[in-house]
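In each ligand, atom 1 is the first atom listed, and ligand 1 is the first ligand listed.
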Amino acid sequence: MTLFDSPAFEGHEGVHAFSDEKTGLKCIIAVHSTARGPAAGGCRMWPFPSAEAALEDALRLSRAMSYKNAMADLELGGGKAVIIGDSHTQKTPALFEAFGRAIEDVGGKYWTAEDVGVSPADLMHARKTTRYVAGLTGHSAASGDPSPVTAEGVFRGVVLGVRRALNRDLDGITVAIQGVGHVGAHLAEKLSAAGAKLIITDVNENALRQVAARTGAKIVAPHAIFDADAEVFAPCALGGAINADTLPHLKAKVIAGGANNQLADPEIGRAVYDRGMLYLPDYVINGGGIINVAGEIRALDRQEAFDPAWVEMKLAHLMETLGEVLDRSNSEHRATHEVANEMAKARIRLAAEQKAAA
Ligand code: NAD
């Protein structure tokens with residue numbers, strides 16, 4: 001199969017591969033769509049077993065960013081960068097400067113930010129050779145850590161989901177959180193403050209102890225989280241938490257968490273719907289982080305300071321969009337992820353048509 005026949009490539013505007021012998025940089029920048037604006041999405045550094053695996057990841061993630069940015073109503077398209085390498089042993093300032101030059105070569109069609117294996121400090125090096133970098137700290141346009149905003153959006157999504165599915169507020173509701181890292185820990189504190197009871201798990205004992213001390217959460221082993229007696233399951237660790245093995249164990253009526261790619265495949269989303277569970281599509285409920293990053297891109301473009309009020313306005317609007325997804329799922333008797341995908345594609349199509357007509 002050639003790249004152009006690959007299902008992952010479908011709909012992409014471009015894929016750019018770069019290597020730099022001096023620094024060892026090998027990276028792929030995938031631009032799925034610029035219909036709504038320049039493509040934006042983080043950069044992941046990972047020891048991919050092959051260039052094909054890196055390409056597949058870049059393509060899958062860039063399309064997801066198009067959908068996420070469209071549902072967050074941002075004037076941004078979708079893109080993603082992957083650097084092939086071990087972030088623990090192969091990072092150097094020179095490598096990220098070379099990465100910045102690669103971004104610069106894409107000519108402003110792609111803005112980068114942090115993702116797995118890439119920190120704000122790494123991005124500061126990329127910033128020396130390109131301006132298309134967001135998610136930084138230390139300047140007036142900087143948006144800082146996006147995780148608290150992501151967690152705030154997920155928290156509001158949980159409130160919405162519980163109201164819709166159970167006609168209750170959070171007081172006395174039990175939420176099972178898988179992963180108490182950046183997003184999960186903030187989410188746990190917000191839920192606890194709203195009166196929810198928590199069951200948490202993580203592979204990081206230290207993170208677990210800290211969150212439990214602050215929230216009174218009950219700790220369970222990683223495999224036991226799927227059997228937790230909880231009304232809400234909040235995946236906040238890695239992708240694929242909802243799959244054919246885990247779904248039969250879940251007792252929750254609502255699935256609402258921060259992780260990307262929660263559904264192992266689209267069919268499992270249909271199975272969730274058929275079981276009468278309410279799934280809040282991941283790339284909609286977790287859009288707070290990219291809204292925060294978009295606030296920085298906006299501030300840089302306008303040469304203004306970062307505006308938290310704009311971020312709050314966009315986050316509130318995102319929650320209305322989430323409500324619309326749930327309304328349509330209800331009235332059209334369709335799974336929420338199917339409704340969200342259709343809405344995202346329609347928004348991107350409309351922007352492309354408007355751009356072509358302009
Ligand atoms: P993180 O690395 O800080 O936290 C993830 C946590 O999951 C870690 O504490 C890790 O130990 C834990 N974990 C890993 N494997 C596990 C397992 N098998 N069982 C239980 N716990 C496990 O990452 P984060 O920034 O909190 O992001 C969490 C998820 O949310 C990711 O899927 C990320 O892509 C997504 N996301 C994050 C943001 C953001 O603003 N940080 C925005 C959108 C989406």
Side-chain angles (χ1 to χ4, degrees), residues 40-46 57 60-62 64-65 67-69 71-72 74 78 80 82 87-88 113-120 123 134-137 143-158 176-190 198-212 217 219-228 233-243 245-246 249 255-264 280-296 311 314-315 318 322:
C43 172
R44 174 170 292 191
M45 184 166 183
W46 195 256
D57 212 36
R60 192 175 54 83
L61 293 166
S62 64
M65 286 312 302
Y67 288 14
K68 186 183 291 206
N69 292 341
M71 292 304 265
L74 300 172
K80 202 84 186 183
V82 296
S87 64
H88 299 291
E114 300 134 75
D115 195 53
V116 178
V118 175
S119 70
L123 293 179
L136 300 173
T137 49
S143 57
D145 180 5
S147 311
V149 187
T150 304
E152 176 62 25
V154 176
F155 170 73
R156 294 185 199 182
V158 172
I177 306 178
Q178 181 196 35
V180 286
H182 288 95
V183 175
H186 286 295
L187 176 65
E189 291 193 16
K190 289 172 190 291
L198 302 178
I199 301 172
I200 59 173
T201 195
D202 201 293
V203 289
N204 178 338
E205 296 277 330
N206 195 27
L208 271 178
R209 270 196 301 273
Q210 286 185 19
V211 173
I219 294 174
V220 297
H223 64 85
I225 199 72
F226 303 105
D227 292 301
F233 177 55
C236 295
L238 307 175
I242 317 294
N243 57 52
D245 292 332
T246 59
H249 292 264
I255 299 173
N260 283 317
N261 304 320
Q262 291 171 28
L263 303 176
L280 286 87
D282 45 17
Y283 64 81
V284 188
I285 193 173
N286 75 13
I290 192 68
I291 289 176
N292 206 54
V293 169
E296 180 170 335
V311 170
K314 283 288 180 189
L315 192 62
L318 180 67
L322 190 55

In this structure, atom 42 (C) of ligand 1 is nearest to the protein heavy atom T150 OG1, 3.4 Å
Side chain, backbone, both or neither: V183 near ligand 1, heavy atoms under 4.0 Å: both
Check whether any N or O atom of G258, backbone or side chain, sits under 3.5 Å from an N or O atom of ligand 1, and answer yes or no. yes
Are the side chain of N292 and the backbone N or O of V149 linked by a donor-acceptor pair below 3.5 Å? no
Given the options N286, I177, D202, C236 meets side-chain contact (heavy atoms from CB on, under 4.5 Å) only with I177
Check whether any side-chain N or O of T246 sits under 3.5 Å from a backbone N or O of A241 as a donor-acceptor pair, and report yes or no. yes
Among protein heavy atoms, which lies nearest atom 18 (N) of ligand 1, and at what distance? V203 CG1, 4.2 Å
Just going by heavy-atom distances, which of Q178, E205, H182, H223 is nearest to atom 1 (P) of ligand 1? H182
Look only at interatomic distance and state if K68 has a nitrogen or oxygen under 3.5 Å from any nitrogen or oxygen of ligand 1. no
Can you find a protein heavy atom under 4.0 Å from atom 9 (O) of ligand 1? yes
Between A241, G287, G289, P222, flag the one that comes closest to atom 19 (N) of ligand 1 by a heavy atom. P222
So which bit of A237 gets within less than 4.0 Å of ligand 1, heavy atoms only: side chain, backbone, both or neither? both
Considering only protein heavy atoms, which is closest to atom 28 (C) of ligand 1, and at what distance to one decimal place? C236 O, 3.3 Å
Hey, what do you get for CD1 (I219) to CD1 (I199), rounding to the nearest 0.5 Å? 12.0 Å
